[in-house]
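Notes follow once the structure below has been shown.
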Number of protein chains: 2
Amino acid sequence: MANKKRTTLKDIASELNISPAAVSKAMHNDSRISEKTKKEVKRVAKKLNYQPNHLASALRKGKSNLVGVIVPRTNSNFFSSVLENMEAVLNKAGYNIIITQSNESFEKECKNIDTLLYTQVDGIIASMANETVDLSHYEKIKSNGIPLILFDRGENDLNVDYVGINDYDSSHIIVEHLVEKGCKRIAHIGGYRRTRIFNNRIRGYVDALKKNNLPIDDTLIVESSLTLEDGRLEMEKLLQLKNRPDAVYAASDNAALGALQVLNENQIKVPNAIRLVGFGNEPFTSLVSPSITSVDQHSKDIGRIAAETFLNHVSKDDIKQSLNKIILDAELIVRDSSK
Amino acid sequence: MANKKRTTLKDIASELNISPAAVSKAMHNDSRISEKTKKEVKRVAKKLNYQPNHLASALRKGKSNLVGVIVPRTNSNFFSSVLENMEAVLNKAGYNIIITQSNESFEKECKNIDTLLYTQVDGIIASMANETVDLSHYEKIKSNGIPLILFDRGENDLNVDYVGINDYDSSHIIVEHLVEKGCKRIAHIGGYRRTRIFNNRIRGYVDALKKNNLPIDDTLIVESSLTLEDGRLEMEKLLQLKNRPDAVYAASDNAALGALQVLNENQIKVPNAIRLVGFGNEPFTSLVSPSITSVDQHSKDIGRIAAETFLNHVSKDDIKQSLNKIILDAELIVRDSSK
DNA sequence: TATATTTGCTTAATCGATTAAGCAAATATA
DNA sequence: TATATTTGCTTAATCGATTAAGCAAATATA
């Protein structure tokens, strides 16, 4: 019962007294094999519970039909949704995906890339860890000659395909919205500038203030890892200011939630005293009280487009591909925290 | 630059005028290879940017050093945390993990198993989808002779290793807690009985009521998929009852959150009018208002133990293994919703 | 000094599936 | 009827890495 040897093409071949080559072709419905033989082969394959050995065929064909995916973490709705839609598109095209998590760690990200290359994936779709600054491990993917597609967390310096939303414009939309509600001192709990998307959000925020003739106050702009804890910490600091903000725009929903907790604990009315906007449209933003205004990042589209970009690459590898930078417009979802 | 051929052992061998076999041994620090040769080999390997071809070595060795993992979804903190800890243990032992999601779909789960077997994983660690009743696809793993370890969502009928918490006892702890607070009509928004863990929670709930001499009222026991929507729906139904419950025990945090929303919307004071307990200790339980009492499932331990169970299997495959059913005690985290 | 052992490699087979090349028999075409 | 084409396979090589078996040279032991 246990550990019985796997059935191979050879076993089927010897049972039917034909060559393994014929069996292989029969399984792939080669037109040069008679219908009768195909039927027989499939019957015996089923009888012997034949499972093709992927390692062997991938080795021979030089193609594994696997796509590696690297995400910072899977436990956000954004990444989970991206993965789901990415997988759906790739499955339909005959590819399977291998998901790995970097846990926002640079070291882990490097190891994940090694693992994926080592597993001979046909391509890698990745979103960079917060820690990542050095990009040599990504260069390694490119020098391996397999497609690399980045999404959400990308890098301009890296000459690769990218799918994401327009972070710069998103900040504009947020600031415009808050200004419309009468806010004059808008604080920004941002991510680290070294990450492109967070830098863009900061730039968008600053430019939008300028555009609305509002002064830029450096004490209202902070950089952090954007965790819930960071949100709490920075909100507490902002409340210490002599001249408090009348609105807070956090570059992540987690940070926004942390800020909201502190505001609630201090009995500061949201949105009346301070308006609050997050980023990412995580499900909990609509669950907390008051519900948090946020920006939807079109996770489904990002997953789908990233997958399609990969498929595009492998379908016409002969032609030198032009780079695809696909920037989607984000959507502001207005909720109670800024009404 | 692009699509240059991969470096193989042969390339290194011909550069140094030795055999590929010697190169292979040198890379693995075989004691029968001179230090001088090893150094040379490693120098050239680095120079040519050699990456071993996993497909080839796995095919030859009959071992891929990959472990397949199937989870219903990655976007809960529970599964995400299990994965993180599982991966840490397996990485240390030289294994890499391939994560797949079933999205709670039976069909997807079957496809995932096929993919993993096809990829020649050395073992599979899985948590079953809600929909799953037929277990023949799991039998397929067993008949392939590779270890199968289930966690959280397991099945008694399947003769495999299992790691999870004591669902039956957890219900007892919850009911005792609510009784202590003076509750007499405790409703249970449960999962479907066909899933073992949910069945155990229902049994535990019923037995605990009996133990406390409380009547069993069938109108207070409902089965659902335990989503947030289900929680809302069932809570609304419970509020229609002539004889309303004074406590609700939901078998998932999402369902508990749905129930809480309905209670808040109806201005029913929690915990004063109705006490509420969830299950899973998802982070949002402490974030909503009021915060929700819940049961912690020791996700870290479950991930670690599942991984260790797998390693145990592969380390002594000669001996017929005895089954491991590891049941951890869960922990009640009391919060505002039941104080 | 003669034999035994160790060192440091090479040779050749292997893991399974795939595919280019080839060939005999069957069938189609002129 | 003679030749060309098609059908339905087989043979043999291949994808890279690994490993059992073997062998010559170097070294150790009696």
Length of the [atom1]-[atom2] vector between [X] and [N], whole Å:
| X | N | atom1 | atom2 | value |
| --- | --- | --- | --- | --- |
| A:N53 | C:dG16 | CG | C1' | 6 Å |
| A:K63 | D:dG16 | NZ | C1' | 19 Å |
| B:D30 | D:dT18 | CG | P | 11 Å |
| A:M27 | C:dG16 | CE | P | 16 Å |
| B:Q51 | D:dA17 | CD | P | 11 Å |
| B:I12 | D:dT18 | CD1 | P | 11 Å |
| B:L59 | D:dC15 | CG | C1' | 9 Å |
| B:N65 | D:dT18 | CG | P | 11 Å |

Are A:N96 and B:T115 linked by a side-chain donor-acceptor pair shorter than 3.5 Å?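 Yes, because at least one side-chain N or O of A:N96 sits under 3.5 Å from a partner of the opposite role on B:T115.
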
Base-pairing string, 5' to 3', of DNA chain D - Watson-Crick or wobble, under 3.5 Å, | interstrand: ||||||||||||||||||||||||||||||

Any salt bridge (Lys or Arg N to Asp or Glu O under 4.0 Å) pairs touching residues 9-25 of chain B, not counting sequence neighbours? B:E15-B:K47

Taking salt bridge (Lys or Arg N to Asp or Glu O under 4.0 Å) as the cut-off, I'd like each qualifying pair that reaches into residues 68-81 of chain B, sequence neighbours left out, listed once. A:E84-B:R73

Does B:Y50 place a side-chain N or O at less than 4.0 Å from the phosphate oxygens OP1/OP2 of D:dA17?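 For B:Y50, the contact criterion (side-chain N or O under 4.0 Å from OP1 or OP2 of D:dA17) is met.
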
In the 5'-to-3' direction, what one-character label does each nucleotide of nucleotides 5-13 of chain C receive under the scheme B = base within less than 4.0 Å of a protein heavy atom, S = sugar-phosphate only, - = no such atom? --BBBBB-B

List for me each residue that meets salt bridge (Lys or Arg N to Asp or Glu O under 4.0 Å) alongside A:E107, sequence neighbours excluded, and say none if there are none.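 Per chain and number, A:E107 pairs via salt bridge (Lys or Arg N to Asp or Glu O under 4.0 Å) with no residue.
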
Which residues satisfy the ring-ring contact (aromatic ring centres under 6.0 Å, His included) test with B:F78, sequence neighbours excluded? none

Non-neighbouring partners of B:Y95 that pass ring-ring contact (aromatic ring centres under 6.0 Å, His included), sequence neighbours left out: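 Once residues adjacent in sequence are excluded, the partners of B:Y95 under the ring-ring contact (aromatic ring centres under 6.0 Å, His included) criterion are B:F310.
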
Can you list the residues that meet the side-chain contact (heavy atoms from CB on, under 4.5 Å) rule with B:A307, with sequence neighbours excluded? B:M86, B:V89, B:L90

Is the closest side-chain heavy-atom distance between B:N75 and A:N75 below 4.5 Å? no

Can you pull out every ring-ring contact (aromatic ring centres under 6.0 Å, His included) where at least one residue sits in residues 105-148 of chain A? Sequence neighbours excluded, please.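 ring-ring contact (aromatic ring centres under 6.0 Å, His included) check on residues 105-148 of chain A returns A:F106-A:H137, A:Y118-B:H54.
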
